[in-house]
K.L.:
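A single structure is presented below for examination.
Order of the sequence lines sets the chain letters (A, B, ...), proteins ahead of strands, with each chain counted from 1.
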There are 2 protein chains.
Amino acid sequence: MQKIVLNIEMEKAEASAQRPRESGTSTLDLALRAVELLALRHAPMSLGEIAKALGATKPTIYRHLTTLIRHGFAWQDARTGYYAAGVKLMTLGEAVQQQFDVIATSKPHLIQLRDKTSQSATICTLVGEELIVMERVEGRSIIEFGTPRGTRFDFHASAHGRVWLAFGPHELTDKVLAGPLKSWSGEVRTSVPTIRREIELIRARGWAMAPNEMVDGVNALAAPVFDHRGELIASVAIVGSLQFIPSPPLPEQIDAVVQCARAVSSACGWRR
Amino acid sequence: MQKIVLNIEMEKAEASAQRPRESGTSTLDLALRAVELLALRHAPMSLGEIAKALGATKPTIYRHLTTLIRHGFAWQDARTGYYAAGVKLMTLGEAVQQQFDVIATSKPHLIQLRDKTSQSATICTLVGEELIVMERVEGRSIIEFGTPRGTRFDFHASAHGRVWLAFGPHELTDKVLAGPLKSWSGEVRTSVPTIRREIELIRARGWAMAPNEMVDGVNALAAPVFDHRGELIASVAIVGSLQFIPSPPLPEQIDAVVQCARAVSSACGWRR
DNA sequence: AAACGATGTTTCGTTATATGAAACGACTGA
DNA sequence: TCAGTCGTTTCATATAACGAAACATCGTTT
């Protein structure tokens with residue numbers, strides 16, 4: 001049984017939203033680029049390859065790799081001498097994820113949601129000013145849509161995002177609608193009044209959808225998660241082919257997502 | 001429903017097994033220590049705190065953080081100005097994990113194993129010369145034993161490890177048995193002939209267990225996963241209280257673990 | 001109200017230290 | 001045997017990381 005996995009091409013969580021700073025340490029810069037290069041490659045690389053890819057000399061990269069290895073961020077194949085990313089990245093990634101305790105709480109509910117709907121289930125959280133996929137439970141259909149942990153969503157062009165516009169703090173909504181609204185496809189609405197009207201609708205019915213927005217033929221269905229103070233802390237959603245999640249979605253799908261969001265909210269102390 | 005989670009204190013995947021090298025770049029060293037510090041803290045830290053914890057001055061750490069932020073490895077809370085670990089670590093951790101395709105293949109089978117036994121299910125892989133937990137599906141008992149992704153196991157003092165001694169390459173077995181054998185508890189056997197005898201037993205019956213070895217009252221039950229060439233590529237195991245996984249384990253538990261390992265092996269091209 | 005302590009941030013001169021050319025040993029394939 | 005990799009080491013040079021001190025803002029405390 002082989003699964004077809006479509007990796008949706010999106011900007012990953014870059015520092016793009018953070019204000020760019022001019023100062024910095026160039027040597028660290030190079031080393032971090034090396035880590036990233038190794039992690040995103042699927043195969044180990046030779047020292048020369050790495051050096052060329054980063055526009056640096058071998059000794060320089062060599063020294064950096066030495067330090068990276070000492071810290072577990074990289075790793076050298078003892079047989080071939082080639083370099084690859086280290087497991088420390090996995091360890092630290094796991095640690096970062098666990099800092100958000102909504103995620104741990106939500107996991108069993110996400111699995112239940114996936115079991116009910118057979119579609120991938122995801123949960124998003126605000127990190128800084130970015131909306132990030134924190135956990136994902138894979139669906140059971142043949143075609144899978146990849147929004148792996150760490151993917152960043154646009155607020156105006158995704159189901160997750162519009163849940164945040166509808167139920168999140170007003171400052172966020174205003175800031176997003178004031179800025180430029182990038183269009184991913186013809187389906188993305190970039191007119192502010194149109195979005196405002198949709199936000200009202202989402203608030204009224206309690207869920208959001210985004211057919212054909214990120215990729216053609218894909219739909220998502222999202223609902224808000226609140227904490228004990230009634231503040232929005234996360235959003236859960238199912239993602240799948242329009243064939244399985246039509247527009248509008250099936251009543252039982254809406255019910256499943258909303259129920260899941262409510263269950264996680266309850267587990268986080270939300271009442272009423 | 002609150003789960004009690006016992007985090008088993010083990011050495012994490014350090015570079016300890018890699019040969020230590022003398023040369024290296026000290027500035028990168030400092031920066032990596034900063035990343036690690038931030039990732040392992042649950043709360044954001046102030047610049048001063050970080051500087052003091054690492055024995056450096058504020059401007060130095062500040063410059064490093066600037067670069068780390070630019071790359072997404074760190075992140076600054078816009079409101080408080082405090083620093084925390086960035087989502088890039090999650091993204092890269094995910095990418096590193098996906099380089100090992102046994103993991104992806106095994107996931108549904110691990111879930112099935114968990115469902116059958118109600119115990120946590122884990123899969124380990126050899127990374128370099130270290131045995132690392134690559135994936136884990138949480139159990140359904142009240143008390144959970146935490147061996148999160150990235151945890152390193154000793155070969156002689158764990159069920160996973162002894163599966164590798166029994167079915168892995170001979171060089172590995174010889175090397176491990178030649179080295180010092182650290183004792184975690186009274187239950188750990190450190191005598192080479194004793195271990196050799198147990199390895200034979202494991203080979204004969206096809207599974208390994210490790211009662212009371214890492215923590216008192218905990219047992220683990222592991223079995224080997226082979227690829228198309230018949231080489232050991234991973235080990236799967238269930239971990240749980242001795243109350244649930246007795247010594248020797250229940251026949252149906254053994255069966256479940258062995259079946260799971262066989263299923264993953266088959267999925268990886270293993271025949272017969 | 002004013003002084004203090006804590007943030008994060010910037011500047012600047014000094015020197016530590018990261019750098020790259022070149023050479024080295026070891027290995028693989030032609 | 002030679003030419004081509006690979007990773008590793010050395011060393012003189014100048015880049016660029018460093019830390020002391022000062023700055024700008026917050027809160028809190030006096």
Side-chain angles (χ1 to χ4, degrees), chain A residues 15 17-35 37-38 41 43-86 128-129 171, chain B residues 15 17-35 37-38 41 43-86 128-129 171:
Chain A
Q18 303 277 352
R19 61 180 176 287
R21 316 202 193 175
E22 55 293 335
S23 89
T25 56
S26 70
T27 163
L28 177 56
D29 191 277
L30 179 60
L32 293 181
R33 276 163 54 214
V35 171
L37 179 66
L38 288 178
R41 276 292 168 99
M45 299 177 73
S46 81
L47 182 59
E49 270 184 285
I50 304 171
K52 201 160 80 178
L54 300 175
T57 59
K58 285 205 295 179
T60 301
I61 300 296
Y62 176 73
R63 278 189 302 270
H64 284 194
L65 284 173
T66 296
T67 310
L68 288 171
I69 286 173
R70 199 187 311 126
H71 284 264
F73 284 78
W75 160 74
Q76 184 173 27
D77 191 315
R79 211 172 44 79
T80 63
Y82 279 32
Y83 294 93
E129 296 185 334
E171 306 86 51
Chain B
Q18 304 276 354
R19 62 179 177 287
R21 316 201 195 176
E22 54 295 333
S23 88
T25 56
S26 68
T27 162
L28 176 55
D29 191 278
L30 180 60
L32 293 181
R33 277 162 53 212
V35 172
L37 179 66
L38 287 178
R41 278 289 168 100
M45 299 176 73
S46 81
L47 182 59
E49 270 183 285
I50 303 170
K52 201 160 77 178
L54 300 176
T57 58
K58 284 204 297 179
T60 301
I61 300 296
Y62 177 74
R63 278 188 302 269
H64 285 193
L65 284 172
T66 297
T67 309
L68 288 171
I69 287 173
R70 198 185 314 123
H71 284 264
F73 284 78
W75 159 74
Q76 185 172 28
D77 190 315
R79 209 173 43 80
T80 63
Y82 279 32
Y83 294 93
E129 298 186 332
E171 307 85 53

K.L.:
Would you mind telling me which of D:dA21, D:dC18, D:dT8 lies closest to the side-chain atoms of A:Tyr83?
P.N.:
D:dT8
K.L.:
For D:dA17 and A:Ser26 - does any side-chain N or O of the residue sit under 4.0 Å from the phosphate oxygens OP1/OP2?
P.N.:
yes
K.L.:
For the helix from C:dA1-D:dT30 to C:dC24-D:dG7, how many degrees between its two end axes (five pairs per end), to the nearest 10°?
P.N.:
40°
K.L.:
So, using side chain to side chain donor-acceptor pair (under 3.5 Å) as the criterion, who are the partners of A:Asp77 when residues are at least two apart?
P.N.:
none
K.L.:
Could you state the atom-to-atom distance from OH of A:Tyr82 to C1' of C:dA26 in whole Å?
P.N.:
14 Å
K.L.:
Think B:Gln76 has a side-chain N or O under 4.0 angstrom from the OP1 or OP2 of C:dT7?
P.N.:
no
K.L.:
Rounded off to whole Å, could you give me the CG-to-P distance for the A:Leu30 and D:dT15 pair?
P.N.:
17 Å
K.L.:
Can you tell me how far P of C:dT7 sits from CD1 of B:Ile61, to the nearest Å?
P.N.:
14 Å
K.L.:
Kindly say if A:Tyr62 contacts the phosphate of D:dT8, meaning a side-chain N or O under 4.0 Å from OP1 or OP2.
P.N.:
yes
K.L.:
Would you say a side-chain N or O of B:Thr27 is under 4.0 Å from OP1 or OP2 of D:dC18?
P.N.:
yes
K.L.:
Is the shortest heavy-atom distance from the side chain of B:Tyr82 to the side chain of B:Ser46 under 4.5 Å?
P.N.:
yes
K.L.:
Listed by chain and number, what are the side chain to side chain donor-acceptor pair (under 3.5 Å) partners of A:Thr57, not counting sequence neighbours?
P.N.:
A:Thr60
K.L.:
Take atom NE2 of B:His64 and atom P of C:dT9, then tell me their distance rounded to the nearest Å.
P.N.:
15 Å
K.L.:
For a quick test of reading the model, state the closest non-hydrogen atom pair linking B:Ala56 to B:Leu30 and the distance between them.
P.N.:
CB-CD2, 4.0 Å
K.L.:
What is the distance from CZ of B:Arg63 to P of C:dT17, rounded to the nearest Å?
P.N.:
13 Å
K.L.:
Which residues pass the side chain to side chain contact (heavy atoms under 4.5 Å, CB included) test with B:Lys52, sequence neighbours left out?
P.N.:
none
K.L.:
Mind running a 4.0 Å heavy-atom check of residues 46-56 of chain A against DNA chain C and sending the residues that fall below it, in number order?
P.N.:
none
K.L.:
Looking only at heavy atoms, which two atoms of B:Phe73 and A:Val35 are closest? And how far apart?
P.N.:
CZ-CG1, 4.2 Å
K.L.:
Over how many whole Å does the gap from B:Leu65 atom CG to C:dG8 atom C1' extend?
P.N.:
11 Å
K.L.:
Measure the spacing between NE2 of B:His64 and OG1 of A:Thr27 and express it to the nearest 0.5 Å.
P.N.:
8.0 Å
K.L.:
Give the rounded distance in Å between these two atoms: CG of B:Asp77 and C1' of C:dT7.
P.N.:
13 Å
K.L.:
I need the minimum non-hydrogen distance between B:Leu38 and B:Ile50, along with the two atoms involved.
P.N.:
CD2-CD1, 3.9 Å
K.L.:
How many Å lie between CG on B:Leu28 and C1' on D:dA16, as a whole number?
P.N.:
15 Å
K.L.:
Go through the structure and list residues passing side chain to side chain contact (heavy atoms under 4.5 Å, CB included) with A:Arg41, not counting sequence neighbours.
P.N.:
A:Met45, A:Glu49
K.L.:
Using OP1 and OP2 only, check whether a side-chain N or O of B:Thr60 sits under 4.0 Å from D:dG19.
P.N.:
yes
K.L.:
When only distance counts, do a donor and an acceptor, one from the side chain of B:Lys58 and one from the base of C:dG8, lie under 3.5 Å apart?
P.N.:
yes
